[in-house]
Asks: 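Questions regarding the structure given below will be posed in turn.
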Amino acid sequence: MITNVLYPENPPVSEQMLQVSDLHSIHVEECGNPNGKPVIMIHGGPGGGINPTMRRLHDPERYRIILFDQRGCGKSTPHAELRENTTWDLVADMEKIREHFNIDKWQVFGGSWGSTLGLAYAQTHPERVSELILRGIFMIRRFEIEWFYSNGASIIYPDRFEAYQNHIPEDERDDMIAAYYKRLTDPDPAVQLKAAKLWARWEGSALSLLPDPAREEAFASDHFAIAFARIECHYFQNRGFFDTDDHLLRNAHLIRDIPGVIVHGRYDMCTPLLNAWHLKKVWPEADLRIVEDAGHAVSEPGIVHELIHSTKKYAG
Ligand code: STX
């Protein structure tokens with residue numbers, strides 16, 4: 001039976017700003033049952049912020065669902081800030097959230113960049129993770145960045161890619177990340193915004209199997225685009241703040257005892273299925289669920305089906 005129906009809207013039980021450094025405060029919220037099984041939800045991007053679908057993938061009667069906007073995005077402040085904003089800062093923030101809520105062990109749930117951060121967190125603090133549910137595996141390896149931002153998805157989406165590509169003069173196109181980074185950190189905010197909207201619209205147009213014009217528009221809105229594009233590009237320019245290109249694969253032995261599910265769409269144009277395949281090779285205990293009729297987005301029916309199947313299975 002296909003269970004592709006999300007749980008009903010469940011507004012947060014509590015919301016707060018947690019100060020995590022001199023500079024940054026992050027928005028944290030708790031949904032569902034405060035006495036339920038704890039789960040931490042990790043959003044994508046980086047820089048994407050939480051979205052309402054993320055509150056609807058767990059049974060609110062059985063789970064205590066914690067969500068947070070990572071540094072510089074969503075309702076976290078300062079908006080679009082790149083200073084003190086690295087993978088390892090975010091791993092440390094998750095520990096601060098866990099301690100704040102007095103949680104000993106929690107389920108870690110993340111899609112896309114959320115899978116990247118979920119893996120980094122679990123490899124750093126494996127004893128804190130009851131299960132891993134990961135979707136649309138992304139590990140910031142060189143070929144993955146090349147695929148989506150330079151040469152790969154552009155072959156399938158030449159019509160959407162063109163505006164993003166044409167913004168960069170031909171003599172800078174051999175390194176699109178560096179070229180966009182220069183513009184996204186320009187002293188002139190108008191230069192930043194122009195680049196941010198093109199970057200975000202490109203990404204927003206290639207996430208689901210079928211087009212979603214409403215998402216494209218939302219991604220290109222000023223407030224969303226500036227944080228999303230600046231933070232993503234900053235993380236990619238710094239290679240995810242990892243010591244080696246395959247850091248997350250190399251350290252997979254650290255999480256082999258954690259029960260895990262990997263959900264990935266066959267036609268994911270943002271983070272190719274090969275990523276999930278590579279992860280499964282070094283983490284054979286994980287349950288890889290390939291969704292035959294889906295792209296990258298969490299909203300795809302087959303992806304929702306597998307995710308809800310997994311959260312039900314682990315609800316106890
Ligand atoms: N970025 C992929 C990613 O994590 C390379 C991502 N893309 N869009 C999103 O996440 C949201 C829909 C969550 C904003």
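One-based numbering along the sequence shown.
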Asks: Should Ile231 and Cys73 be marked as a side chain to side chain contact (heavy atoms under 4.5 Å, CB included) after you check the CA-CA gap, both sets of side-chain angles, and the distance that decides it?
Replies: CA-CA 8 Å; Ile231 295 172; Cys73 69; 4.2 Å; yes
Asks: Begin from the C-alpha positions of Thr53 and Ser299 and carry the test side chain to side chain contact (heavy atoms under 4.5 Å, CB included) through to its verdict.
Replies: CA-CA 8 Å; Thr53 306; Ser299 54; 5.5 Å; no
Asks: Does either side chain, that of His296 or that of Ser112, offer a donor lying less than 3.5 Å from an acceptor on the other one?
Replies: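 A pair is found: one side chain offers a donor N or O, the other an acceptor, under 3.5 Å apart.
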Asks: If we ignore hydrogens and angles and just use 3.5 Å, is the side chain of Arg173 paired with the main-chain N or O of Ile168 as donor and acceptor?
Replies: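 Yes, the answer is positive, given that a donor and an acceptor are paired below the 3.5 Å cut-off.
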Asks: Determine yes or no for a side-chain-to-main-chain donor-acceptor pair under 3.5 angstrom, with Asp89 supplying the side chain and Thr86 the backbone.
Replies: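 Such a contact is found between Asp89 side chain and Thr86 backbone.
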Asks: So, are Lys313 and Glu131 salt-bridged, with charged N and O less than 4.0 Å apart?
Replies: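 Salt bridge absent between Lys313 and Glu131.
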Asks: Using the salt bridge (Lys or Arg N to Asp or Glu O under 4.0 Å) rule, collect all pairs that involve residues 152-162, keeping only residues at least two apart or in two chains.
Replies: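 For residues 152-162, and leaving out neighbouring residues, the salt bridge (Lys or Arg N to Asp or Glu O under 4.0 Å) pairs sorted by first residue read Arg160-Glu216.
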Asks: State, with a plain yes or no, whether a side-chain heavy atom of Leu57 is found less than 4.5 Å away from one of Val298.
Replies: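 When only atoms from C-beta onward are counted, Val298 and Leu57 do touch, with a gap below 4.5 Å.
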Asks: Could you go through the side chain to side chain contact (heavy atoms under 4.5 Å, CB included) check for Ile26 and Lys96 one step at a time?
Replies: CA-CA 11 Å; Ile26 59 172; Lys96 290 192 184 104; over 6 Å; no
Asks: Which residues pass the salt bridge (Lys or Arg N to Asp or Glu O under 4.0 Å) test with Glu170, sequence neighbours left out?
Replies: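 Not a single residue meets the salt bridge (Lys or Arg N to Asp or Glu O under 4.0 Å) criterion with Glu170.
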Asks: Any Lys/Arg nitrogen of Glu172 or Arg183 sitting under 4.0 Å from an Asp/Glu carboxylate oxygen of the other?
Replies: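 Yes, Glu172 and Arg183 are salt-bridged.
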Asks: By ring pair (Phe, Tyr, Trp, His ring centres under 6.0 Å), which residues pair with Tyr181, not counting sequence neighbours?
Replies: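 Once residues adjacent in sequence are excluded, Tyr181 has no partner under the ring pair (Phe, Tyr, Trp, His ring centres under 6.0 Å) criterion.
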Asks: Kindly give the heavy-atom pair with the smallest separation between Met54 and Leu67, and that separation in Å.
Replies: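 For Met54 versus Leu67, the nearest heavy atoms are CB-CD2, 3.7 Å.
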Asks: Filter on salt bridge (Lys or Arg N to Asp or Glu O under 4.0 Å), then keep only pairs touching residues 108-122, sequence neighbours left out; what's left?
Replies: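 Found none.
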Asks: Kindly write out the residues that satisfy side-chain contact (heavy atoms from CB on, under 4.5 Å) with Thr87, not counting sequence neighbours, or none if the list is empty.
Replies: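 Thr87 satisfies side-chain contact (heavy atoms from CB on, under 4.5 Å) with Trp113, Leu117, Ala120, Tyr235, Phe241, Phe242 only.
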Asks: May I ask you to test the Ile303-Val263 pair for a side-chain heavy-atom distance under 4.5 Å?
Replies: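 Sidechains of Val263 and Ile303: in contact.
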Asks: Give a yes or no on whether Val108 and Tyr314 share a hydrophobic cluster (residues Ile, Leu, Val, Met, Phe, Trp, Tyr; joining criterion: side-chain heavy atoms under 4.5 Å apart).
Replies: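 Val108 and Tyr314: separate clusters.
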Asks: If you count heavy atoms of other groups shown closer than 6.0 angstrom to CG of Asp257, is the number above 12?
Replies: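 Counting other residues, nucleotides and ligands, CG of Asp257 stays at 12 neighbours or fewer.
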Asks: Hey, are the side chains of Arg135 and Ile133 touching, using non-hydrogen atoms and a 4.5 Å cut-off?
Replies: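 Arg135 vs Ile133: side chains apart.
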Asks: Is a side-chain N or O of Asn33 found less than 3.5 angstrom from the main chain of Glu61, in a donor-acceptor match?
Replies: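 Yes, because the side chain of Asn33 sits within donor-acceptor range (under 3.5 Å) of the backbone of Glu61.
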Asks: Quick one: which residue pairs count as a salt bridge (Lys or Arg N to Asp or Glu O under 4.0 Å) with a foot in residues 5-26, not counting sequence neighbours?
Replies: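 Pairs touching residues 5-26 that pass the test: Glu9-Arg56, Glu15-Lys75.
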Asks: Would you mind reporting whether Lys312 and Asp59 have side-chain heavy atoms less than 4.5 Å apart?
Replies: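 When only atoms from C-beta onward are counted, Lys312 and Asp59 do not touch, as no gap falls below 4.5 Å.
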Asks: Could you check whether His58 and Trp106 have their ring centres less than 6.0 Å apart?
Replies: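 No, too far apart.
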Asks: Is any side-chain heavy atom of Arg71 less than 4.5 Å from a side-chain heavy atom of Asp93?
Replies: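 Yes; the side chains approach each other to less than 4.5 Å.
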Asks: Ignoring hydrogens and geometry, is there a side-chain-to-backbone donor-acceptor pair from Gln70 to His43 under 3.5 Å?
Replies: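 Answer holds: yes.
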Asks: Please tell me whether Ile145 and Leu119 are part of a single hydrophobic cluster in this structure, the criterion being side-chain heavy atoms less than 4.5 Å apart.
Replies: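 Per the 4.5 Å side-chain linkage, Ile145 and Leu119 are co-clustered.
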Asks: Would you indicate whether the side-chain heavy atoms of Val28 and Phe101 approach each other to under 4.5 Å?
Replies: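 Phe101 vs Val28: side chains touch.
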Asks: Other residues, nucleotides and ligands only: do more than 12 of their heavy atoms fall within 6.0 Å of OH on Tyr7?
Replies: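 Buried by this count: over 12 neighbours within 6.0 Å.
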Asks: What pair of heavy atoms forms the shortest contact from Trp283 to Ile255, and how long is it?
Replies: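 Closest approach of Trp283 to Ile255, heavy atoms only: NE1-O, 3.6 Å.
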Asks: Which residues pass the salt bridge (Lys or Arg N to Asp or Glu O under 4.0 Å) test with Asp246, not counting sequence neighbours?
Replies: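 Asp246 satisfies salt bridge (Lys or Arg N to Asp or Glu O under 4.0 Å) with Arg250 once adjacent residues are dropped.
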Asks: Give the C-alpha distance, both sets of side-chain angles, the deciding distance and a yes or no for side chain to side chain contact (heavy atoms under 4.5 Å, CB included) between Val291 and Glu300.
Replies: CA-CA 10 Å; Val291 181; Glu300 319 244 10; over 6 Å; no
Asks: Under 4.5 Å between side-chain heavy atoms, counting indirect links through other Ile/Leu/Val/Met/Phe/Trp/Tyr residues: same cluster for Leu23 and Leu90 or not?
Replies: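 Not linked; separate clusters.
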Asks: Applying ring pair (Phe, Tyr, Trp, His ring centres under 6.0 Å), name anything that partners Trp277, two or more places apart in sequence or on another chain.
Replies: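 Result, ring pair (Phe, Tyr, Trp, His ring centres under 6.0 Å) vs Trp277: none returned.
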Asks: Within the side chain of Thr271, is there an N or O that forms a donor-acceptor pair under 3.5 Å with the backbone of Phe138?
Replies: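 Judged by distance alone, no pair lies under 3.5 Å.
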Asks: Just how far is it from atom CG of Leu82 to atom NE2 of His234, taken to the nearest 0.5 Å?
Replies: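 Output value for this atom pair is 5.0 Å.
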Asks: Taking Ser76 for the side chain and His27 for the main chain, is one N or O donor matched with an acceptor at less than 3.5 Å?
Replies: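 Yes, the answer is positive, given that a donor and an acceptor are paired below the 3.5 Å cut-off.
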Asks: Is a salt bridge present between Asp104 and Arg128, judged by a nitrogen-to-oxygen distance below 4.0 Å?
Replies: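 Yes, charged N to carboxylate O under 4.0 Å.
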Asks: Quick one: closest heavy-atom pair of Cys233 and Ile177, and the distance?
Replies: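 Answer, listing the atom of Cys233 first, then Ile177: SG-O, 3.5 Å.
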Asks: Find the distance between CZ (Phe109) and CD1 (Ile40) and round it off to the nearest 0.5 Å.
Replies: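 Rounded to the nearest 0.5 Å, the CZ-CD1 separation comes out at 12.0 Å.
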Asks: Compile the donor-acceptor pairs under 3.5 Å between side chains in residues 219-226 and protein atoms, sequence neighbours left out, one pair per line.
Replies:
residue, atom, partner, partner atom, Å
Ser221, OG, Ala218, O, 2.9
Asp222, OD1, Lys197, NZ, 2.3

Asks: So which atom in Arg141 and which in Asp245 form the shortest heavy-atom distance, rounded to 0.1 Å?
Replies: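 What the structure gives for the nearest pair is CG-O, 3.0 Å.
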Asks: Tell me if a side-chain donor or acceptor on Ser154 pairs with a main-chain N or O of Gly152 at a distance below 3.5 Å.
Replies: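 Side chain of Ser154 to backbone of Gly152: a pair is present.
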Asks: Check whether the side chains of Glu30 and Ser14 place a donor and an acceptor atom closer than 3.5 Å, and report yes or no.
Replies: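 Short answer, yes.
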Asks: To the nearest 0.5 Å, what is the distance between OG1 on Thr116 and CE on Met139?
Replies: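 Answer for the OG1-CE pair, Thr116 versus Met139, is 8.5 Å.
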Asks: Sequence neighbours left out, what passes ring pair (Phe, Tyr, Trp, His ring centres under 6.0 Å) with His264? Give chain and number order.
Replies: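 In terms of ring pair (Phe, Tyr, Trp, His ring centres under 6.0 Å), with neighbours along the sequence ignored, His264 is linked to no residue.
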Asks: Compare every heavy atom of Lys37 with every heavy atom of Tyr63, then report the nearest pair and how far apart it is.
Replies: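 Answer, listing the atom of Tyr63 first, then Lys37: CD2-O, 3.2 Å.
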Asks: Please list, chain by chain and in numerical order, all residues satisfying ring pair (Phe, Tyr, Trp, His ring centres under 6.0 Å) with Trp199, sequence neighbours excluded.
Replies: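 Residues passing ring pair (Phe, Tyr, Trp, His ring centres under 6.0 Å) with Trp199: Tyr149, Tyr180.
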Asks: Is there a side-chain contact between Val39 and Thr311 (heavy atoms, below 4.5 Å)?
Replies: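 Contact flag for Val39/Thr311 side chains = no.
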Asks: Indicate the atoms forming the closest heavy-atom contact of Cys270 with Phe148, along with that distance.
Replies: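 Reported closest heavy-atom pair: CA-CD1, 3.6 Å.
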Asks: Any salt bridge (Lys or Arg N to Asp or Glu O under 4.0 Å) pairs touching residues 198-215, not counting sequence neighbours?
Replies: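 Only Arg201-Glu217, Asp212-Arg215 qualify under salt bridge (Lys or Arg N to Asp or Glu O under 4.0 Å).
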Asks: Does a side-chain heavy-atom distance below 4.5 Å link Ile103 with Arg64?
Replies: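 Sidechains of Arg64 and Ile103: in contact.
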